[in-house]
Amino acid sequence: MISQQKRTFISWHHGLLFLCIGLFALFIGKPSVAPTVQAQGQTRLVLAFYYAWYSPNSFGPGLTPFTPTNPYYSSDTGTIQRQVNEAQSAGIDGFVQSWYGPETTNNQTETNFQALLNIASATGFKAAVDFETASPFFASNEDRINALRTLLSTHAQHPAYLRVDGKPVVFFWANWILSPADWVVIRNTVDPDRNSIWIAEGGDTTYLDAFDGLHLYNVAWSGNPAGTAATWAANTRAAAQTYGGYKYWVGTAMPGWDASLIGSSTAPRDRANGDFYRSTFGGAAASSPDMLIITSFNEWVEGSQLEPSVEYGNFYLQLTAELSAAYKNGSIAAPPPPTLPPPPPTTDPNATATATQPPPATFTPGPSPTPLPPTLTPTPQPSPTPLASPTAQPDGRILYTVQTGDTLITLADQYDVSLENLYAWNNLLPNSLLSVGQTLIIGYTVLPDGSTPLTGFPDARVKPDGTIVHIVGNGDTLLLIAATYDLTLDELYEVSGLEEGALLQLGQEIIVGHRPQPATIGGSSEDPELAIRSLNEVTTNASPTAELQPTATATPTATATVTPTSEPTAVPTQEIAAANMAEESAGLETAVPATPAPADPVQQTSNLLWLLIGAVAVLLVASGILIIVARRG
């Protein structure tokens, strides 16, 4: 028998033993160092847009403004390895490659992206896709949904695919060809739990209902890159209050820009020995971006590349290395604010000549620059800030450089153009902000071949015979062109005469419709069956980038609100109005109304007889009703 005292001791001993075991288990189960909580965004990543569709005959005079040191095939794995090595040596952490979808037949963006991921994984480099919304392989939103599903289930799982905050990142180009509501449906279908990060392009914050962040692909138009970056960074961050969640801002740096060979509406931006690159890089860094992206590593057609070239050698790679290192260690200097207003680049021979230098914002009306005779009293200027003179270009565009205080509404009023046209001509949206020094198209003159611009469609021209043609630009596909003019692909093939699968060339004219011509007095009008699409049908729907009016604007007046006084060669408001009136004169308003046929006397007599019979019938019915009522009473 065990005594009660011994039982108590054993029980107490066992309890103490279990307590020690429990404490030991807690001790060894608890990590010695508390887990680190990673801050959202603010990655210090430096990325670069990358293109994988070149061959040696892609480069050269008339094709690209600059030439690579060694023209190459994008499909060559040795070339991809070289490009990854060069990017890493310059402090770039990853490429964002344009991607047309998972189709492998005739789509090297897919096969080359596979190669890029495999090469990148060996060195710690990263890669992501820039989803091309208008890919020729996407005929519907269902195709886009399937492509995104494939991307997220395959490439996004690769160890070299770019991840931020633990999620794969997808950039989007031309997201604006679909509405924000369309994207909400696509996002909820593809990624309802938001397990990836989607970055849209442009400044329309309404897309942040479906997307997680914004970036601006091109900032070459800005005279104040730092101010532009700060403005859109603030807009993006503020959108989180409306749509919820964290909103990522991706700042953009650019070495330069020259897309004149493809007819870009953005004037060439001279590189100024690297100063423009330093300005955009510093401006992007100062906006506290979550990521910084360079436009571009090798977009040769638009002249924004930093890849080694015949013209610049390795200069821009080396400058990128300096700027990236300074950005990552926090020592990069923010660019000083420009003098208001900043002059456009002057060293680029292709840059648009500007009007006279505008006055500072504190300008006070004074006498004319040319002294008046002593006996006359100087007449003050009609406005504290004189209008800058618009400049007509050889290609038919009338350009204007944005001044301090300008808004789209005031410019539309001053130069007698519609807001809809300003949006369409300049790829703007109603909530787009202007920057001092930005170049805007405010009108067109008649082109050398006699054609005129089609209102609301910047890439369309109306030929003298009424044929409406689209001028093929960079990134155009048959599907995108058809959608722009509210045509199906079959209708586009029929009206244009193109064969299915036809290849497009920059500057090519594609027939997209016909404008009915005015009837000739004394003759017959054009057979309506020959007109595939009338002007009203062509312009029923808005262009991808703006809500457009389907008809020409009201006839502008020829009276200028303010006449520029300091530029003798400037195009005044009257000339812009004349250009707009010339456009209207080619429209349906000039058709001669048909003369109504004389009435047939026999038909008129017959109509009167039937009218009399009807009146008598009504009277008989009314009389019958009155008799019945009277009898009942």
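Scope of the values below: all heavy atoms of this structure, side chains included, with no hydrogens, waters or symmetry mates. Here the structure is a predicted model, which means the values were calculated and not measured.
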Residue pairs passing the side-chain hydrogen bond (donor to acceptor under 3.5 Å, both in side chains) test with at least one member in residues 87-96, sequence neighbours excluded, are Q88-T123, D93-K328

Sorted by chain and number, sequence neighbours left out, side-chain contact (heavy atoms from CB on, under 4.5 Å) with T69 holds for P308

Scanning both residues in full, the closest heavy-atom pair of I80 with N112 reads CD1-O, 4.2 Å

Sorted by chain and number, sequence neighbours left out, side-chain contact (heavy atoms from CB on, under 4.5 Å) with A156 holds for L152, Y161, P168

Taken in chain and number order and not counting sequence neighbours, the residues that satisfy side-chain contact (heavy atoms from CB on, under 4.5 Å) with F59 are Y54, T64, P68, P71, Y72, W300

How about L261 and V301: do any of their side-chain heavy atoms sit closer than 4.5 Å? no

*Parallel, tilted or perpendicular for F297 and F95, by the 30°/60° rule?*
tilted

Residues 171-195 vs salt bridge (charged side-chain N to carboxylate O under 4.0 Å, His left out), sequence neighbours excluded, gives R187-D191, R187-D212

Residues passing the side-chain contact (heavy atoms from CB on, under 4.5 Å) test with T206, sequence neighbours excluded, are P180, D204, Y243

Residues at least two apart in sequence or cross-chain that pass salt bridge (Lys or Arg N to Asp or Glu O under 4.0 Å) with R149, listed by chain then number, are none

Is the side chain of S287 donor-acceptor paired with the backbone N or O of G251 at a distance under 3.5 Å, no angle test? no

Could you tabulate the donor-acceptor pairs under 3.5 Å formed by side-chain atoms of residues 124-136, not counting sequence neighbours?
residue : atom : partner : partner atom : Å
K126    : NZ   : P159    : O            : 3.0
D130    : OD1  : F172    : N            : 3.4
D130    : OD1  : W173    : N            : 3.4
E132    : OE2  : S98     : OG           : 2.9
T133    : OG1  : W173    : O            : 2.8
S135    : OG   : Y100    : O            : 2.7
S135    : OG   : F137    : N            : 3.0

So salt bridge (charged side-chain N to carboxylate O under 4.0 Å, His left out) across residues 236-257, not counting sequence neighbours, yields R237-D290

Residue pairs meeting salt bridge (charged side-chain N to carboxylate O under 4.0 Å, His left out), one or both in residues 227-236, sequence neighbours left out, come to none

Requested in this report: Specify whether H215 and F49 have parallel, tilted or perpendicular ring planes, treating 30° as the upper limit for parallel and 60° as the lower limit for perpendicular.
Outcome: tilted

Residue pairs meeting side-chain hydrogen bond (donor to acceptor under 3.5 Å, both in side chains), one or both in residues 312-325, sequence neighbours left out, come to Y277-T320

Residues 75-84 vs salt bridge (charged side-chain N to carboxylate O under 4.0 Å, His left out), sequence neighbours excluded, gives R82-E86, R82-E307

